[in-house]
Trainee: 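Shown below is the structure under consideration.
FYI, side chains are in, hydrogens and waters are out, and symmetry mates aren't considered; it's all heavy atoms of this structure. One-based numbering, in listed order, for ligands and for the atoms of each.
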Amino acid sequence: MTETGWTLIVHGGAKEIAPDEEQAHRDGCIEAAEVGAAVLRKGGSAIDAVEASIRVLERLPTFNAGYGSALTSEGEVEMCAALMDGETLDVGAVGVIKGVRHPVSVARALLREEHVLLSGPGARVFAEEKGAELCDASSLIIKKQKEELQDTVGAVALDSEGNLAAGTSTGGLSNAHPGRMGDSPLPGCGYYAENGEGAVALSGHGEGLARLMAAGRIMAGLQVKSPENAVRATLEQMERVGGDAGGIALDANGCPGWWHNSPDFAVARIDSTMERPLVWLRKGEDIDAHG
Ligand code: ASP
């Protein structure tokens, strides 16, 4: 990694990917990585790249974010999303927001504001004030609801200025109580980014990740461990609280790593030395077969 090198990782969620869904996960993660990489290649910021990548995943029905989100026990889509800028430590996050196409862009609109997290109807009003793309809440529901939805999407990036960013977006856990929020909008739980330290984004059982303050643990781990080992060591602690999870991380120099204890965890990675992203559906997958 040179001083001007950039890097980006995206993930499509900690879950089990059915065989007939594998290609859609590969394609979606590759597209998200390519869109984010196009931002970084032009000298754009890590935060712009993370937002751009996540918008792709929110648009696709394959992932539990934006269009295709999980439904609450009352059959509604309530979404959470967040962005964090590692240079300024600015955070913008929304929870339990309904009727917006791209919750990550509402989080982006909040990033430079004083508030860190807006939720519920207030978040929707904020989205409207900021000119976010609104929609009918039910238009985010896909016809074929997946049986097991647990797959927040996320991205972390280092730009050519050395700035780090992290982001998440999710429809939350299927069948959850209306109003429920997991780790995804909470800094230090579902994500974190700080220049000179690292960046991390997680997916999985939000209550467990919040109880562990998972992103904070991984950030601490990055000081003494490789990114992969930092994520792995924290996810091993999930045994204490229960639930599957996966996480992606960059160290301060953009060295990437990820781990998951879920059956699958689709990840795509690209950096300034690569023309195209590499994609995996699970750790250890032989990517030569698909690359
Ligand atoms: N972490 C998300 C939540 O708990 C869901 C997920 O990643 O599956 O809301």
Trainee: Considering the heavy atoms of Arg180, write down every atom of ligand 1 situated less than 4.0 Å from one of them.
Mentor: 3 (C), 4 (O), 9 (O)

Trainee: Residue-level breakdown please: for Ser203 versus ligand 1, do any non-hydrogen atoms fall below 4.0 Å on the side chain, on the backbone, on both, or on neither?
Mentor: both

Trainee: Does the distance from a Lys or Arg side-chain N to an Asp or Glu carboxylate O, for Lys15 and Asp244, drop under 4.0 Å?
Mentor: no

Trainee: Could you see if Phe265 belongs to whatever hydrophobic cluster contains Ile9? Use Ile, Leu, Val, Met, Phe, Trp, Tyr and a side-chain cutoff under 4.5 Å.
Mentor: yes

Trainee: Answer yes if Ile141 and Leu134 sit in the same cluster of Ile, Leu, Val, Met, Phe, Trp and Tyr residues linked by side chain heavy atoms under 4.5 Å apart, and no otherwise.
Mentor: yes

Trainee: Does the ring center of Phe126 lie less than 6.0 Å from the ring center of His115?
Mentor: no

Trainee: Consider only side-chain N and O atoms of Thr152 and Thr170, and report whether a donor and an acceptor are under 3.5 Å apart.
Mentor: yes

Trainee: Counting from 1, what ligand 1 atoms have a heavy atom of Gly172 closer than 4.0 Å?
Mentor: 9 (O)

Trainee: Ignoring angles and geometry beyond distance, decide whether Gly204 reaches within less than 3.5 Å of ligand 1 through its nitrogen or oxygen atoms.
Mentor: yes

Trainee: Indicate, as side chain, backbone, both or neither, the part of Thr170 found under 4.0 angstrom from ligand 1 when only non-hydrogen atoms are considered.
Mentor: side chain

Trainee: Can you list the ligand 1 atoms lying under 4.0 Å from a non-hydrogen atom of Thr152?
Mentor: 1 (N), 2 (C), 5 (C), 6 (C), 7 (O), 8 (O)

Trainee: Donor-acceptor pair, distance only, cut-off 3.5 Å: does the side chain of Glu76 make one with the backbone of Thr72?
Mentor: no

Trainee: Of all the atoms in ligand 1, which lie at a distance below 4.0 Å from a heavy atom belonging to Asp183?
Mentor: 1 (N), 2 (C), 3 (C), 4 (O)

